[in-house]
Amino acid sequence: METEKPKMDIPKPGVAKVFDLLTVALFAAGLAYLLLHWNRLPDQIPAHFGANGEVDRWGSKFELFILPAIALFLWIGLSVLEKYPHLYNYINLHPDNVEIQYRYGVIFMNVMKNLSTLLMAFIMWQLTDIALGRTESLNMPIFIGILAVLFISMGYYFYRMIKL
């Protein structure tokens, strides 16, 4: 039997607001970095990387705008979802743990939103540097680190929700 999912107004925690501000600032810095170097970018820029971080496909420099577009789409979509935790699918939802599940859900959505946006900003910055010849390949330790934090966060929140 599924627990009724009541609508509740769950305020965004202060740490989530700070994470939002930090992410917006870093994303804006990455976008500004791209735009400041736009005229110096070659017509062909790295567009895909192999598992070793080496470029294995080149594309038009206009492809760089795909990353901020994806980041904005994710940011807006997940920001909207943050406000409606009653729409999520929950594991182990019971009448006595609805509010805490919603709180975890809001934080989870915030973390996914911000980490995804930071990942796009990092890739945008790296692609710009590779195109400018400042580095030769994607910085795999940082890339893998961001992905690891993203997936570890998912596991952590699923674990917390199951334990309720």
Side-chain angles (χ1 to χ4, degrees), residues 8-88 102-158 160-161:
M8 297 175 118
D9 183 28
I10 304 294
K12 184 186 288 194
V15 69
K17 292 176 185 177
V18 170
F19 198 14
D20 285 351
L21 289 173
L22 177 65
T23 300
V24 167
L26 289 172
F27 177 75
L31 190 55
Y33 184 72
L34 169 64
L35 295 173
L36 286 171
H37 292 93
W38 183 257
N39 290 333
R40 295 188 322 171
L41 290 173
D43 290 335
Q44 295 292 303
I45 55 102
H48 191 267
F49 298 88
N52 61 355
E54 298 296 320
V55 178
D56 62 10
R57 184 178 82 77
W58 295 80
S60 166
K61 70 180 185 179
F62 290 97
E63 289 183 40
L64 283 173
F65 289 114
I66 293 171
L67 294 168
I70 291 170
L72 286 172
F73 177 78
L74 286 170
W75 179 271
I76 292 167
L78 294 175
S79 290
V80 169
L81 280 175
E82 259 184 295
K83 298 176 189 295
Y84 302 103
H86 65 280
L87 297 177
Y88 310 164
Y102 282 13
R103 288 187 190 287
Y104 284 162
V106 167
I107 293 170
F108 173 74
M109 206 56 66
N110 182 269
V111 168
M112 293 300 104
K113 170 185 76 176
N114 285 302
L115 289 175
S116 299
T117 302
L118 289 173
L119 181 63
M120 293 298 120
F122 169 74
I123 295 170
M124 184 173 48
W125 164 60
Q126 285 282 273
L127 290 177
T128 303
D129 273 357
I130 293 168
L132 292 171
R134 292 181 177 166
T135 188
E136 293 182 13
S137 63
L138 190 64
N139 186 325
M140 291 306 283
I142 294 176
F143 179 73
I144 290 170
I146 294 170
L147 286 178
V149 170
L150 184 77
F151 286 107
I152 289 168
S153 297
M154 284 182 206
Y156 173 77
Y157 284 104
F158 286 136
R160 293 289 304 261
M161 289 178 171

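All heavy atoms count here, side chains included; hydrogens, waters and symmetry mates do not. One is the number of the first residue; the rest follow in order along the sequence.
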Working to the nearest 0.5 Å, report the span between CD of Glu63 and CH2 of Trp58. 12.0 Å
In short, Arg103 meets Pro11 closest at the heavy-atom pair NH1-CD, 4.1 Å
Can you check whether Leu119 reaches Ile123 side chain to side chain, under 4.5 Å on heavy atoms? yes
Do the non-hydrogen side-chain atoms of Met154 and Met112 ever get within less than 4.5 Å of each other? yes
Nearest heavy-atom approach of Val106 to Pro13 is CG1-CD, 4.5 Å
Output the distance between atom CE (Met120) and atom CG (Leu72), rounded to the nearest 0.5 Å. 11.5 Å
Can you confirm whether more than 12 heavy atoms, excluding those of Phe65, are under 6.0 Å from its CZ atom? yes
Count the heavy atoms belonging to other residues, nucleotides or ligands that lie under 6.0 Å from CD of Gln44, then report whether that count exceeds 12. yes
Relative to the ring of Trp38, is the ring of Phe62 parallel (under 30°), tilted (30 to 60°) or perpendicular (over 60°)? perpendicular
Could you give the distance from CG (Leu74) to CD1 (Ile76), rounded to the nearest 0.5 Å? 10.0 Å
Should Tyr88 and His86 count as side-chain neighbours, where that means a heavy-atom distance under 4.5 Å? no
In short, Leu115 meets Leu150 closest at the heavy-atom pair CB-CD1, 3.5 Å
Under a 4.5 Å cut-off applied to non-hydrogen side-chain atoms, are Leu64 and Leu41 in contact? yes
Spacing of CZ belonging to Phe143 relative to CG belonging to Leu138, to within rounding of 0.5 Å: 6.0 Å
Looking only at heavy atoms, what is the nearest atom pair of Val55 and Glu136, with distance? CG2-O, 4.4 Å
With a cut-off of 3.5 Å and sequence neighbours excluded, list every side-chain donor-acceptor pair involving residues 20-30.
unit_1	atom_1	unit_2	atom_2	d
Asp20	OD1	Asn110	ND2	2.8
Asp20	OD1	Lys113	NZ	3.1
Asp20	OD1	Asn114	ND2	2.9
Asp20	OD2	Lys12	NZ	2.5
Asp20	OD2	Lys113	NZ	3.4
Thr23	OG1	Phe19	O	2.9
Thr23	OG1	Asn114	OD1	3.0

Counting N and O atoms only, with roles assigned by atom type, does the side chain of Tyr157 sit under 3.5 Å from a partner on the main chain of Met109, one being a donor and the other an acceptor? no
Provide the closest heavy-atom pair for Ser153 versus Val149 in the form atom of the first, atom of the second, distance. OG-O, 2.7 Å
Can you name the side-chain hydrogen bond (donor to acceptor under 3.5 Å, both in side chains) partners of Asp56, sequence neighbours left out? His48
Quick one: closest heavy-atom pair of Thr117 and Ala71, and the distance? OG1-O, 4.0 Å
For the aromatic rings, using the six-membered ring if either is Trp, is the centroid distance between Phe108 and Tyr156 under 6.0 Å? no
About how many Å separate CH2 of Trp125 and OG1 of Thr135, when rounded to the nearest 0.5 Å? 8.5 Å
Can you tell me how far apart CD1 (Ile45) and CG (Asp129) are? Round to the nearest 0.5 Å. 12.5 Å
With side chains defined as the heavy atoms from C-beta onward, is the minimum distance between Pro85 and Met8 less than 4.5 Å? no
